[in-house]
**Student:** 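Here it is: the structure, laid out below.
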Amino acid sequence: MTVPAEASMLNPVELFMAADWVVKVVMIGLVIASLWSWAIILDKFFRFAALNRQADQFEKAISSGRSLEDIAHQAGPNPDPILPRMLVAAITDWREARARQTMSEAQSHLLISRIDRALDSLIARESQRVETGLGVLSVVATASPFIGLFGTVWGIMNAFDAIATAGNTNLTTVAPAIAEALFATAIGLAAAIPAYIAYNAFSIEAGKFAARLESFADDLQAAIARRLGTGPATPPPSSTPREI
């Protein structure tokens with residue numbers, strides 16, 4: 001490891017170029033991890049904004065007074081947004097049951113159970129989709145400081161070895177070498193801190209969105225149960241969609 005006395009401790013390029021090859025590999029890896037995490041952060045930010053905007057618009061349509069069947073017909077047979085997809089799935093099962101004209105109480109409960117399973121499956125897949133990438137943020141947040149620390153320890157070991165070989169313990173000689181080693185820890189923290197904050201923020205956002213889907217599923221089941229004349233499996237929420 002070279003120890004240039006004239007190297008500026010505040011110049012990242014000089015600190016990188018003067019570092020040992022192992023420390024350079026650590027720094028490059030941390031920079032790649034940081035860029036990867038920032039790509040996920042930006043993707044999640046815009047994705048959650050779009051999901052909540054679509055949900056707001058759909059819930060506004062639900063509360064406008066139109067029937068659920070009209071809204072499901074407008075959404076099409078296979079809508080991409082999750083709330084219209086849940087509505088279409090529930091309405092499809094309802095139409096199939098209504099085609100039988102009369103249903104026993106057991107058949108009504110079976111229909112509610114089938115709709116419940118279908119909605120739970122949609123919610124589980126959507127929750128898994130919106131949480132994609134959070135694992136990467138978690139790994140970057142937890143591993144980056146230790147990887148940076150490894151680079152720092154390795155750099156300091158080489159720095160002390162070079163200083164001992166040169167036989168010069170002057171501060172001008174020691175400081176640049178130590179700065180090069182500590183630069184790896186700084187990069188590790190720079191990668192970890194945004195990833196840690198984003199992971200926690202998006203985990204909370206994903207939980208809120210899943211709860212929003214669960215609430216809408218309860219509303220759908222309650223509306224269909226009322227139409228069938230059966231009691232809902234869960235306590236009715238404070239507000240429910242219009243009856244079909």
Side-chain angles (χ1 to χ4, degrees), residues 1-53 124-210:
M1 176 178 182
T2 58
V3 187
E6 69 278 4
S8 172
M9 290 186 292
L10 299 179
N11 190 321
V13 176
E14 291 183 5
L15 291 175
F16 174 79
M17 296 305 297
D20 180 80
W21 69 271
V22 174
V23 182
K24 286 181 179 178
V25 171
V26 169
M27 291 180 180
I28 292 173
L30 291 172
V31 169
I32 293 174
S34 179
L35 293 175
W36 190 6
S37 66
W38 272 108
I40 294 173
I41 290 170
L42 294 175
D43 174 73
K44 290 300 176 187
F45 177 81
F46 290 111
R47 186 180 298 275
F48 276 116
L51 289 173
N52 287 317
R53 183 172 59 253
R125 288 198 296 268
E126 184 68 13
S127 298
Q128 185 178 16
R129 187 172 71 90
V130 299
E131 290 175 1
T132 300
L134 295 185
V136 175
L137 295 180
S138 176
V139 171
V140 173
T142 55
S144 292
F146 297 101
I147 296 175
L149 182 61
F150 167 76
T152 295
V153 172
W154 184 277
I156 290 177
M157 288 171 56
N158 286 336
F160 281 131
D161 182 67
I163 291 169
T165 302
N168 186 356
T169 58
N170 187 279
L171 182 62
T172 304
T173 302
V174 175
I178 301 300
E180 294 158 12
L182 293 176
F183 188 47
T185 296
I187 296 176
L189 292 175
I193 292 173
Y196 177 80
I197 295 174
Y199 172 77
N200 285 279
F202 291 138
S203 295
I204 294 173
E205 194 69 23
K208 289 181 179 179
F209 189 71

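It should be emphasised that the depicted structure is a prediction, and the values quoted were computed from it without experimental measurement. These numbers come from the heavy atoms of this one structure, side chains and all, not from hydrogens, waters or symmetry mates. Residue indices begin at 1 and follow the sequence shown.
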**Student:** From Y199 OH over to I204 CD1, what is the distance, rounded to the nearest 0.5 angstrom?
**Tutor:**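 It comes to 10.5 Å.
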**Student:** What's the spacing between I147 CD1 and L30 CG if we round to 0.5 Å?
**Tutor:** 5.5 Å
**Student:** Strictly distance-based, threshold 3.5 Å: is any side-chain N or O of K44 a donor or acceptor partner for the main-chain N or O of F202?
**Tutor:** no
**Student:** Any donor and acceptor pair, going by atom type alone, linking the side chain of T142 with main-chain N or O of S138 inside 3.5 Å?
**Tutor:**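 Such a contact is found between T142 side chain and S138 backbone.
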**Student:** Side chains of L51 and R129, heavy atoms from C-beta outward: is any pair under 4.5 Å?
**Tutor:**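 Yes - at least one pair of side-chain heavy atoms lies under 4.5 Å apart.
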**Student:** With a 4.5 Å heavy-atom cut-off, do V140 and S34 have their side chains touching?
**Tutor:** no
**Student:** To the nearest 0.5 angstrom, please state how far the CG atom of L137 sits from the CD1 atom of I197.
**Tutor:**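 Separation between the atoms: 11.5 Å.
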**Student:** Taking all heavy atoms of S144 and all of G188, pick out the closest pair and write down the distance.
**Tutor:**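 Looks like CB-O, 3.4 Å.
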**Student:** Just by modelled atom types, is the G148 backbone N or O under 3.5 Å from a matching donor or acceptor in the T152 side chain?
**Tutor:**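 Yes, because the side chain of T152 sits within donor-acceptor range (under 3.5 Å) of the backbone of G148.
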**Student:** Would you say N52's side chain and F48's backbone share a donor-acceptor pair under 3.5 angstrom?
**Tutor:** yes
**Student:** Is any side-chain N of the basic residue among E205 and K208 closer than 4.0 Å to the acidic one's carboxylate O?
**Tutor:** no
**Student:** Give the minimum heavy-atom separation between E131 and A206, together with the two atoms involved.
**Tutor:** CG-CB, 4.0 Å
**Student:** In Å and rounded to the nearest 0.5 Å, what is the CG to CD1 distance from L35 to I40?
**Tutor:** 11.5 Å
**Student:** Hey, is the main chain of Q128 close enough, under 3.5 Å, to the side chain of T132 for a donor-acceptor pair?
**Tutor:** yes
**Student:** State the OG-CG distance between S37 and L42, to the nearest 0.5 angstrom.
**Tutor:**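 Atom-to-atom, S37:OG and L42:CG are 9.5 Å apart.
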**Student:** Which residues satisfy the ring-ring contact (aromatic ring centres under 6.0 Å, His included) test with F209, sequence neighbours excluded?
**Tutor:**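 Partners of F209 by the ring-ring contact (aromatic ring centres under 6.0 Å, His included) criterion come out as none, since no residue qualifies.
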